[in-house]
Amino acid sequence: FAKFCGACSLLFSPSAAHAAGWEIPDHGARALGRGGAFIASANDGTALVYNPAALAFQDGTRLTLASHFITHQSDFARAGNDPITCQPFGAVSNDAGVFWVPFVTVSSRFGLKNWTFAIGVHGPNSYGRVRFPESGAQRYSLIESDFVVIHYSFAAAWRLHPRLAVGATIEWVDSHIKFRQKIPLIAGSEDPANDIPSTVDVTDHVGFNAILGVRWEFLDGFVFGLSARPPIFVRATGTVTSTPPAGITISGNTAKLTVS
């Protein structure tokens, strides 16, 4: 019984929970068709992000163009009744439409036997735009958000052996985040006449990040692939712009946002 209680205490002990972003795997049609199992077999320009070592096994000069057009249907129905109309809050829906995620890579050996180099521009494969009604029940949390992250990448791959290669991708990451919401002038009041429209507009030139990779064909038809990339931390700064009702003055307009 004591062992059982000890096991239960381990199973039900509290632990930290972390939020996840709306990232949708994967870049490229081949990787998407394989469910992202592409690190060992990356054979196009998306090796820039999956496993840069795989570039060493790609001959000639290559251009990879990929695009994802993503839509995200999301609905929100706030619980309770509107304090103004005494009726249930109406449901709202995201109407931001299609979000475009491009991926462009050029790679070449430049006449070298064992080296391949590549440059590329891409963004995370995610849905970065949300828009809800200006006067909807959600307006105090979010009206609109636009989250853009761009990776400018350079990669080099070295084929040490006909079956073994290593590679690295160096990225410069830029981000721009903008979102809007309304703030009640009087705490607890939901009178639209007292709403203060506010916009946060922040930018971060995140800096350099890297992807390291290895590809090894240890037997004919059997390939081992490994790649790793550290997390990207966004610490953006910018401004907050608010439009209060007549006669109200707001001082200060500095905003800071951290995303990891």
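Scope of the values below: all heavy atoms of this structure, side chains included, with no hydrogens, waters or symmetry mates. Sequence positions, counted from 1, serve as the residue numbers for this chain.
Side-chain atoms of R215 come within 3.5 Å of backbone N or O of A40 as a donor-acceptor pair. Put simply, the side chain of S108 gets close to the backbone of F110: a donor and an acceptor are under 3.5 Å apart. Under a 3.5 Å cut-off, the side chain of H27 and the backbone N or O of G123 do form a donor-acceptor pair.
The hydrophobic cluster containing V200 does not contain I143, counting ILVMFWY residues as joined when their side-chain heavy atoms lie under 4.5 angstrom apart, directly or transitively. Hydrophobic clustering of Ile, Leu, Val, Met, Phe, Trp and Tyr side chains at less than 4.5 Å, counting indirect connections, keeps F224 apart from L212. Both I232 and I177 belong to a single network of hydrophobic side chains, linked directly or stepwise wherever heavy atoms of I, L, V, M, F, W or Y lie under 4.5 Å apart. No continuous path of ILVMFWY side-chain contacts below 4.5 Å connects F57 to L219, so the two sit in separate hydrophobic clusters. The hydrophobic clustering, which links ILVMFWY residues whose side-chain heavy atoms are closer than 4.5 Å, places I84 and L185 apart.
For residues 182-191, every residue pair satisfying the salt bridge (Lys or Arg N to Asp or Glu O under 4.0 Å) rule, not counting sequence neighbours, is listed here: R78-E190. Residue pairs meeting the salt bridge (Lys or Arg N to Asp or Glu O under 4.0 Å) criterion with at least one member in residues 55-77, sequence neighbours excluded, are D59-R109. Screening residues 137-164 for salt bridge (Lys or Arg N to Asp or Glu O under 4.0 Å), with sequence neighbours left out, gives R129-D146, R139-D195, E144-R180, R163-D220. The salt bridge (Lys or Arg N to Asp or Glu O under 4.0 Å) pairs that include a residue from residues 88-107 are D95-R131, where partners are two or more places apart or lie in different chains.
Y152 belongs to a hydrophobic cluster with V121, V148, I150, I170, W172, F208, counting contacts under 4.5 Å between side-chain heavy atoms of Ile, Leu, Val, Met, Phe, Trp and Tyr, direct or through other members. Grouped by direct or indirect side-chain proximity (heavy atoms under 4.5 Å, Ile/Leu/Val/Met/Phe/Trp/Tyr only), V98 sits with F69, W100. Taking Ile, Leu, Val, Met, Phe, Trp and Tyr as members and joining any whose side-chain heavy atoms lie under 4.5 Å apart, directly or through other members, L55 forms no hydrophobic cluster with any other residue.
Scored by the side chain to side chain contact (heavy atoms under 4.5 Å, CB included) test, S153 finds L48, H122, H151, T169, E171 as partners (sequence neighbours excluded). Contacts of N194 classified as side chain to side chain donor-acceptor pair (under 3.5 Å), with partners at least two apart in sequence or in another chain: none. With sequence neighbours excluded, no residue satisfies side chain to side chain donor-acceptor pair (under 3.5 Å) with S141. Considering only residues two or more places apart in sequence or on other chains, N94 meets the side chain to side chain donor-acceptor pair (under 3.5 Å) condition with Y127. The side chain to side chain contact (heavy atoms under 4.5 Å, CB included) test applied to S175 returns V149, D204, V206, V234, not counting sequence neighbours.
With rounding to the nearest 0.5 angstrom, the CZ atom of R235 is 15.5 Å from the NE2 atom of H205. Separation of atoms CH2 (W158) and CG (L112) is listed at 13.0 Å; rounding is to 0.5 Å. To the nearest 0.5 Å, the span separating CZ on F132 from OG on S145 amounts to 8.5 Å. In this structure, Y50 OH and S41 OG are separated by 10.0 Å, a value rounded to the nearest 0.5 Å. Separating the CZ atom in F154 from the CZ atom in F117 is a distance of 6.0 Å, to the nearest 0.5 Å. Note that the CD atom of Q181 and the OG atom of S242 stand 9.0 Å from one another [nearest 0.5 Å].
You'll find the side chain of V202 stays beyond 4.5 Å of the side chain of T237, heavy atoms only. Residues V214 and L164 are in side-chain contact: their nearest non-hydrogen atoms beyond the backbone lie under 4.5 Å apart. With contacts defined as side-chain heavy-atom distances shorter than 4.5 Å, the pair N209/P230 qualifies. By the 4.5 Å heavy-atom criterion applied to side chains, D201 and T241 are not counted as neighbours.
Checking D44 against T46 by side-chain atom types alone, a donor-acceptor pair falls below 3.5 Å. Using modelled atom types, one finds a donor on one side chain and an acceptor on the other under 3.5 Å when comparing R30 with N43.
Counting all heavy atoms, side chain and backbone alike, A54 lies closest to A47 at CB-CB, 4.0 Å. Heavy-atom minimum distance, L142 versus F179: CD1-CB, 4.2 Å. Here the closest heavy-atom approach between residue I211 and residue S227 is recorded as CG2-CB, 4.5 Å. Smallest separation of non-hydrogen atoms from P83 and F89: CD-CZ, 3.9 Å. Taking every heavy atom of both residues into account, G213 and N51 meet most closely at CA-OD1, 3.1 Å. Residues S107 and A118 share a closest heavy-atom pair of CB-CB, 3.7 Å.
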